[in-house]
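Letters A, B, ... are given to chains in the order of the sequence lines, protein chains preceding strands, and every chain is numbered from 1. Note that these values count all heavy atoms, side chains included, but never hydrogens, waters or copies made by symmetry.
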2 protein chains.
Amino acid sequence: MENILQNKNYRESLNKTNLRATPARLAILQYLDEAKNPLDVNTIIDYLNCQKIKTNQATVFRIMNILTNKNIAIPTYFQDGKTRYELANKKHHHHLVCEKCGKIEDVEGDSIQSLEKEIGKEHKFLIKKHSLEFYGLCVGCK
Amino acid sequence: MENILQNKNYRESLNKTNLRATPARLAILQYLDEAKNPLDVNTIIDYLNCQKIKTNQATVFRIMNILTNKNIAIPTYFQDGKTRYELANKKHHHHLVCEKCGKIEDVEGDSIQSLEKEIGKEHKFLIKKHSLEFYGLCVGCK
DNA sequence: ATGGTTGCAAACACTTTGCACATGA
DNA sequence: TCATGTGCAAAGTGTTTGCAACCAT
């Protein structure tokens, strides 16, 4: 579980995993790296269009799947049915999702490590990861 | 947040919330009540067919949405993109999802209540619920 | 009787796939 | 050069909606 994106050299990061550095891939890595929230495919496509990089859904889905398989990106599945992606790079965190405006906020810290260990042992289950989302109302909406 | 399904009188439970007691609704409530796992719509349809209750996806989705809005059922969203439902009736719990065979196991106990309070306060976020799923390998698959 | 429910088909949204063409190394 | 990647269109899923017919109360 090494940190593939350590030096923001996206091109090198791609080559290191036997992926070619295409304009779309480079731009997506940069966008994910700058993003404060997990991004869904349509948001990514809009961004690429703004950057004058012509693309389409099939390609972006393919890229996101590859980045996921190479452990460069991590998908999270929210209640609206859209998959959102973040760089695996980021510190482990959870999400606060506002049910009114849809805003997604990160919560840093892996606060349930010990719980995870305990549960895994008790249920004889090899836990590899977890997904913890809090749903409610953000400051502006409550 | 009263317990609507306290006495397994599904008909009464439905009437109490201004819902008519149709064969599909009664059977779904009973099925959910007996189920050890959250159920997705196709699984529910298969069950209804076995029970000689003719139905279709639109109807079952509509029923599940209504039950969710009436706080009788709770949806959970898993990585395979399918929504699964449980009775709101059940003790609060989390899920262990086997990434190989797909089996879903419940983990009883609301072990992160205090964490939730803490995070809500710190982020000025009104947390109404959370969703915690553990992914990995079950006894049989590891 | 009549308003809530269903069934069917069509529409939607998200995601995947096939195949010819284009391109990075 | 040539394997890898892209674009487009079509197809695959899960879910929702419109509307006429149906049925629980």
Whole angstroms only, please: what is the [atom1]-[atom2] distance between [X] and [N]?
X     : N      : atom1 : atom2 : answer
B:N65 : C:dT5  : CG    : C1'   : 14 Å
A:I66 : D:dA3  : CD1   : C1'   : 13 Å
B:Q79 : D:dG14 : CD    : P     : 16 Å
A:N69 : C:dT16 : CG    : C1'   : 13 Å
B:N15 : D:dT25 : CG    : C1'   : 8 Å
A:L26 : C:dA25 : CG    : C1'   : 14 Å
B:R84 : D:dG14 : CZ    : C1'   : 12 Å
A:E12 : C:dA25 : CD    : P     : 13 Å

Can you find a side-chain donor-acceptor pair between [X] and [Y] that sits under 3.5 Å?
X      : Y      : result
B:D80  : A:Y77  : no
A:S114 : A:E116 : no
B:N65  : B:T68  : no
B:T43  : B:D40  : yes
B:E133 : B:S131 : yes

Problem set entry | B:R20 vs A:A24, nearer the 5' end of DNA chain D by closest nucleotide |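 The answer here is A:A24.
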Exercise. Toward the 5' end of DNA chain D, which comes first, A:P23 or B:D80, by nearest nucleotide?
Worked result: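 In this pair, the answer is A:P23.
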Using a cut-off of less than 4.0 Å, is there contact between a side-chain N or O of [X] and OP1 or OP2 of [N]?
X     : N      : answer
B:N18 : C:dG4  : no
B:T22 : C:dG4  : no
B:R11 : D:dT25 : yes
B:R25 : C:dT6  : yes
B:T83 : D:dG14 : no

For this session: Take B:T76 and B:Y85 through the test side chain to side chain contact (heavy atoms under 4.5 Å, CB included) and record every step on the way to the result.
Result: CA-CA 6 Å; B:T76 306; B:Y85 300 88; over 6 Å; no
For this session: Could you tell me how the ring of A:F134 sits relative to the ring of B:H130: parallel (under 30°), tilted (30 to 60°) or perpendicular (over 60°)?
Result: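 Rings of A:F134 and B:H130: perpendicular, as their planes differ by over 60°.
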Exercise. For DNA chain D, what residues of residues 54-64 of chain A have any heavy atom nearer than 4.0 Å?
Worked result: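 Under 4.0 Å from DNA chain D: A:K54, A:T55, A:N56, A:A58, A:T59, A:R62, A:I63.
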For this session: Please work out which residues in residues 38-49 of chain A have a non-hydrogen atom less than 4.0 Å from an atom of DNA chain D and list them by number.
Result: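 Output list: empty, so none.
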Exercise. Can you tell me how far the NZ atom of A:K16 sits from the CD1 atom of A:I72, to the nearest 0.5 Å?
Worked result: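 Spacing of NZ (A:K16) from CD1 (A:I72) equals 9.0 Å.
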Exercise. Judged by atom type as modelled, is there a donor-acceptor pair below 3.5 Å linking the side chain of A:K124 to the main-chain atoms of B:C138?
Worked result: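 No; zero donor-acceptor contacts below 3.5 Å.
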For this session: Return the set of residues passing side-chain contact (heavy atoms from CB on, under 4.5 Å) with A:H93 (not counting sequence neighbours), or none when no residue passes.
Result: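 Testing A:H93 for side-chain contact (heavy atoms from CB on, under 4.5 Å), a comparison that skips the adjacent residues, returns A:E86, A:K90, A:H95, A:D106.
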